[in-house]
Structure formats: structure tokens, C-alpha cells
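Everything below concerns the one structure shown next.
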Amino acid sequence: MQPVVIAPSILSADLARLGEDCAAIIAAGVDWLHFDVMDNHFVPNLTFGPDVCKALRQYGITAPIDVHLMLNPMNNMIAPFAAAGATSISFHPEVTDNVDATIDLIRANNCKVGVVFNPDVPLDLLPSLRGKIDMVLLMSVNPGFGGQKFMPHVLDKARAARKMIDEWGTQTRLQIDGGVNMDNASDIAKAGVDTFVAGFLFRQARDAYSKVIQEFRSNIEAPL
Ligand code: DX5
Ligand code: ZN
């Protein structure tokens, strides 16, 4: 199991003051920023492109930027996001006709690779990804919007993915995305997740970030 990572989703940030809000939440103790890219086609919402990622880097954000692509088509946006300063790029395999080629393309662009499983997509592809990816991302809501309710059946998938990653013996991260909150953090951690996307952190008052992040981290780490 990898050290715990907390990655607030900028979807819930103060978008008119994005750089300032990201700097504040990083200073308050999170590890990465999670950057949700939506195209109003693969998912019914529209968000940010590579220029926003680049703007965060130019503003001075040095923390890892974890890009979650919810796009179709998608491969043509990998190089622009890498050039804009993405650290990792996660993709939904249903969007590519060649999963290995997309993985190779992300690697060729010097980014870490994540593969995403929607809530109702079984883990059938996972065994074939051994040794090829840095992160497995389990969606615990249907992608598209922040602030949705956590789907508890995904905890079974988390346990299954944890078991497989442990059998691999690799440093692959297990990430969860959607509806994570203070109350379910401990159950999610017990299921073997080490990387937590969390929109709710950005929905706190800015002067409460530090306290809420500390409490969230202790809920995650308590059962470990
Ligand atoms: C959902 C996105 C998530 C979302 C999470 O489509 O992929 O990253 O922002 O937000 P919360 O934590 O509010 O569910
Ligand atoms: Zn996401």
C-alpha cells in the first residue's frame, strides 16, 4: 500500500479565484490537485482544458496535478495536457480502441498513467494491466458532476482491486473518486484505497481547510 494521498477536485474550487484557492488548499495540507476534464459528450458537463492547467503552473502551483480525462475523443488531448504540466493522466478505457497504445502515449509524454473504471464497469480489464499502469481509479459516482452520493457497492470492487494490486507486488495506487466525505473515509481506507479524490474539501470555508484536512487524514489513517 502506498502512502495516503489526498487530492481535492478543482471542480468544487472557487473557480473565479482558482489559483489562489488551489494554493490555499495545498498550503493547508493536501498532496495533489485532481483536475476533472469534461467535454459535454463522454459526460454531460463541460469543464477545463490544458490552458487552465498551464495557468495553474504559471501561477506557481508545483504540487502534482492529477488529470482525469472524461473525453471522447481523448488521445489527442494527452500531449497538450502533458505540455501544460499534468503529472498523471487517467483515462476511461471505453474511449480508446487500443488501451496499450493510450498507455504508451501517456508514458511517452512523461506522465504517470491511470485507468478508470466507472461504477458499473467490472474489473475484467485489470489483470491485463499488471506492470503497465501507476494507478487504478475507481469511480464511486457516475462521472459528470461533483457533490453526488457515494455508491457503496464500489467498496467491493476496491477490495478486489486491492487484492490484485497486492498480488502484483507493484507500487500501483488505488484511487477513489466521487462522493468521498468525512464519514465514509474510514470504510474506504479499510477497503484498501490509498488515494482519495475529494470535492468536499474545496466546499469548506477557506479558513477551515487545514482543520478539515487534518480530520479527514486522521479518519483515513486510523484504520491502517
Ligand atoms: C466526477 C468527478 C469527480 C468529482 C468528485 O465526475 O470525476 O472528481 O469532482 O467530486 P465529489 O468529491 O464532490 O463527489
Ligand atoms: Zn475525477
Side-chain angles (χ1 to χ4, degrees), residues 4-15 18 21-22 25 30-50 52-53 56 63-72 74 77-78 81 86-95 106 111-121 133-155 157-158 173-189 193-205 208-209 212-213 215-217 219-220:
V4 167
V5 157
I6 296 176
S9 164
I10 66 165
L11 202 53
S12 292
D14 179 349
L15 296 180
L18 184 59
D21 209 12
C22 287
I25 209 159
V30 302
D31 306 288
W32 301 354
L33 293 175
H34 182 78
F35 193 107
D36 284 305
V37 185
M38 304 185 185
D39 66 349
N40 190 32
H41 176 59
F42 180 66
V43 291
N45 197 1
L46 185 63
T47 61
F48 332 98
V52 176
C53 184
L56 287 174
I65 297 181
D66 173 40
V67 172
H68 174 192
L69 295 181
M70 289 161 273
L71 301 176
N72 189 10
M74 177 257 313
M77 292 310 293
I78 289 170
F81 268 105
T87 309
S88 49
I89 297 182
S90 298
F91 69 97
H92 289 253
E94 51 272 51
V95 180
I106 296 172
C111 289
K112 293 195 181 287
V113 182
V115 170
V116 193
F117 292 85
N118 268 344
D120 297 325
V121 174
I133 61 173
D134 301 292
M135 190 157 70
V136 177
L137 169 47
L138 301 180
M139 292 307 302
S140 39
V141 297
N142 286 313
F145 301 93
Q148 302 184 75
K149 202 169 169 306
F150 184 81
M151 296 168 135
H153 78 270
V154 177
L155 290 175
K157 278 167 79 175
R173 285 190 166 276
L174 182 58
Q175 183 179 43
I176 203 141
D177 183 4
V180 174
N181 60 39
M182 204 60 103
D183 298 329
N184 59 22
S186 151
D187 285 344
I188 296 169
V193 169
D194 50 42
T195 306
F196 294 74
V197 176
F200 85 96
L201 295 173
F202 266 125
R203 297 194 289 270
Q204 309 299 313
Y209 282 173
V212 174
I213 292 163
E215 189 183 339
F216 184 52
R217 199 181 285 280
N219 285 0
I220 292 169

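Just so you know, ligand 1 is whichever comes first in the structure, and atom 1 is the first atom listed for that ligand. Just so you know, these numbers use all the heavy atoms, side chains as well, and skip hydrogens, waters and symmetry mates.
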If we number the atoms of ligand 1 from 1 as shown, the ones under 4.0 Å from a heavy atom of R203 are 13 (O)

Atom 12 (O) of ligand 1: closest protein heavy atom, distance to 0.1 Å, is G199 N, 2.7 Å

Minimal heavy-atom distance between I10 and L15, with the atoms involved, is O-CD2, 3.4 Å

The answer for which part of S9 has a heavy atom under 4.0 Å from ligand 1 is side chain

Among G178, G146, P8, G144, closest by heavy atom to atom 10 (O) of ligand 1 is G146

Quick note on ligand 1: atoms under 4.0 Å from a heavy atom of M139 include exactly 7 (O)

For D177, the ligand 1 atoms with a heavy-atom partner under 4.0 Å come out as 2 (C), 3 (C), 4 (C), 5 (C), 7 (O), 8 (O)

Looking at H68, the N, O or S atom sitting nearest the Zn ion (ligand 2) is ND1

The protein heavy atom nearest to atom 14 (O) of ligand 1 is G179 N, 2.8 Å

Heavy-atom closest pair (H41 atom, N72 atom, distance to 0.1 Å) is CD2-O, 2.7 Å

Taking only non-hydrogen atoms of H34 and a 4.0 Å limit, the atoms of ligand 1 in range are 8 (O)

Would you say M38 has any N or O atom under 3.5 Å from an N or O of ligand 1, going by distance alone? no

min-distance N/O/S atom, D177 vs the Zn ion (ligand 2), resolves to OD2

H68 heavy atoms within 4.0 Å reach ligand 1 at atoms 7 (O)

Nearest non-hydrogen protein atom to atom 1 (C) of ligand 1, with distance, is F145 O, 3.6 Å

Is there a donor-acceptor pair under 3.5 Å between the side chain of D194 and the backbone N or O of L174?
-> yes

Mind checking whether M139 and H68 have side chains closer than 4.5 Å, heavy atoms only?
-> yes

With a 4.5 Å heavy-atom cut-off, do T195 and H34 have their side chains touching?
no

Do D66 and S88 get their side chains close enough for a donor-acceptor pair, meaning under 3.5 Å? yes

### Task
Give me the ring orientation class for F81 and F35: parallel if the planes are under 30° apart, tilted from 30 to 60°, perpendicular past 60°.
perpendicular

- [ ] Flag N142 as yes when one of its N or O atoms lies below 3.5 Å from any N or O atom of ligand 1, and as no otherwise.
- [x] no

- Query: Where the side chain of T87 meets the backbone of I65, is there a donor-acceptor pair that is under 3.5 Å apart?
  - Reply: yes

Open item on the list: Using a 3.5 Å cut-off on N or O atoms only, is A198 in polar contact with ligand 1?
Closed with: no

* Side chains of D36 and S9: do they bring a donor and an acceptor to under 3.5 Å? -> yes

Nearest non-hydrogen protein atom to atom 11 (P) of ligand 1, with distance, is G147 N, 3.6 Å

In D36, the N/O/S atom nearest the Zn ion (ligand 2) carries the name OD1

Near V197 (heavy-atom distance under 4.0 Å), the atoms of ligand 1 are 8 (O)

- Look at the side chain of D21 and the backbone N and O of D14, then say whether any donor-acceptor pair between them is shorter than 3.5 Å. yes

Worksheet item: N/O of S12 under 3.5 Å from N/O of ligand 1, yes or no?
Response: no

### Query
Would you find a donor on one side and an acceptor on the other, under 3.5 Å apart, between the side chain of Q148 and the backbone of N142?
yes

Rounding to 0.5 Å, atoms CZ (F150) and CG (D187) come to a distance of 8.0 Å

Numbered in order shown, the ligand 1 atoms found under 4.0 Å of a heavy atom of P143 are 6 (O)

